Amino acid sequence: MSTPVGSNAEGVGDDAVRAATGRDRAEWFALLDEAGAATWTHREVATWLVREHGVDGWWAQGVTVGYEQARGIRRPGQRQDGTFEASVSRRVDLAPTDALRALAAVVTLRLDVDPLALNLTAKHPTARFPLEGGEYVLATVSPVAGGRSSIGLTWGRMPDETRLAEVKDRMREYLRSVG
């Protein structure tokens, strides 16, 4: 069963946006409309939020993506460059290095490709898998409490959104095979 790719608003609630930025999405979007931001680049919108309104950079990115999606400038899953990506994650009972090794082994087996880069020494270990047509899969691991890890996969540089749900389902299957 395919899982649709959600919008920015589905990932973070308005209460969280207001708590972090002082305004909810509707208030930010009205302010951005008033400023003429619908014609600005992504970078210009995010920079304006940071410089003019003191919004934290991470939250400025989220508000910007939400604004772009709400105004039809960007579709869910679409990146600034026009390509598409999908991401999934879950927690496992493994230390970060062990989690990345296990995740990389699953991705290598399923995609029949070795990682281009495998960074086991970083605070957040990663492995990058190049695919045909310039697409890639990025495996990431972040430590969480109790010696556990959050593992994630991002499939990027897809030319359009037609495979987003199918790719998310595939990657969820890969994650279920770890730990």
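These numbers were taken from a predicted model, which means no experiment stands behind them.
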When rounded to the nearest 0.5 Å, the distance separating CG of D56 from CG of L49 is 11.0 Å

Working to the nearest 0.5 angstrom, can you tell me the gap between K168 NZ and R163 CZ?
14.5 Å

Does NZ or CZ of R128 come closer than 6.0 Å to the centre of the six-membered ring of Y136, within 45° of the ring's axis?
yes

Taking all atoms of both residues into account, what is the closest heavy-atom pair of N119 and L100, and its distance?
O-CD2, 3.7 Å

Exam field: side chain E27 to backbone D24, donor-acceptor pair closer than 3.5 Å:
yes

Listed pairs under 3.5 Å, donor-acceptor, residues 137-158 side chains, sequence neighbours left out:
from : atom 1 : to   : atom 2 : distance (Å)
S142 : OG     : H124 : ND1    : 2.9
R148 : NE     : D93  : OD1    : 2.6
S149 : OG     : L94  : O      : 2.6
T154 : OG1    : S87  : OG     : 2.8
W155 : NE1    : E135 : OE1    : 2.7
R157 : NH1    : G134 : O      : 3.3

For T21 and W28, the nearest pair of non-hydrogen atoms, with its separation, is OG1-NE1, 2.8 Å

Candidate pair W48 and H53, rule side chain to side chain contact (heavy atoms under 4.5 Å, CB included), full reasoning:
CA-CA 7 Å; W48 185 80; H53 295 280; 3.2 Å; yes

Do M171 and V167 have side-chain heavy atoms sitting under 4.5 Å apart?
yes

Matching residue for E68 among H42, R75, Q78, Q80 - test: side-chain hydrogen bond (donor to acceptor under 3.5 Å, both in side chains):
H42

Which pair of heavy atoms, one from W59 and one from A20, lies closest together, and at what distance?
CE2-CB, 3.2 Å

Keeping R25 on the side-chain end and G66 on the backbone end, is there a donor-acceptor pair under 3.5 Å?
no

Applying side chain to side chain contact (heavy atoms under 4.5 Å, CB included) to R110 and not counting sequence neighbours gives V106, E173, Y174, S177

Which pair of heavy atoms, one from V92 and one from A99, lies closest together, and at what distance?
CG2-CB, 4.2 Å

Non-neighbouring partners of D112 that pass side chain to side chain contact (heavy atoms under 4.5 Å, CB included), sequence neighbours left out
none

Test of understanding: clusters of I, L, V, M, F, W, Y form through side-chain heavy atoms closer than 4.5 Å, transitively. Do L131 and F84 belong to the same one?
yes

Please check if atom CZ in R18 has more than 12 non-hydrogen atoms from other residues, nucleotides or ligands closer than 6.0 Å.
yes

Taking side chain as C-beta onward, heavy atoms only, is R71 less than 4.5 Å from F29?
yes

If you take all heavy atoms of L164 and G77, which pair is closest and at what distance?
CD1-CA, 4.3 Å

Would you say L111 ends up clustered with V88 if hydrophobic residues are merged whenever their side chains have heavy atoms under 4.5 Å apart, either directly or through other cluster members?
yes

Let me check something: do V63 and W58 share a hydrophobic cluster, defined by ILVMFWY side-chain heavy atoms less than 4.5 Å apart, either directly or through other members?
yes

According to a 4.5 Å side-chain heavy-atom criterion applied to Ile, Leu, Val, Met, Phe, Trp and Tyr, with indirect links allowed, do L31 and V55 form part of one hydrophobic cluster?
yes

Can you tell me how far apart OG1 (T47) and CH2 (W40) are? Round to the nearest 0.5 Å.
10.0 Å

Reported CZ-to-OG1 distance for the pair R43 and T64, which is rounded to 0.5 angstrom
12.0 Å

Please give me the minimum heavy-atom distance between V178 and A102, naming the atom from each residue.
CG1-CB, 3.9 Å

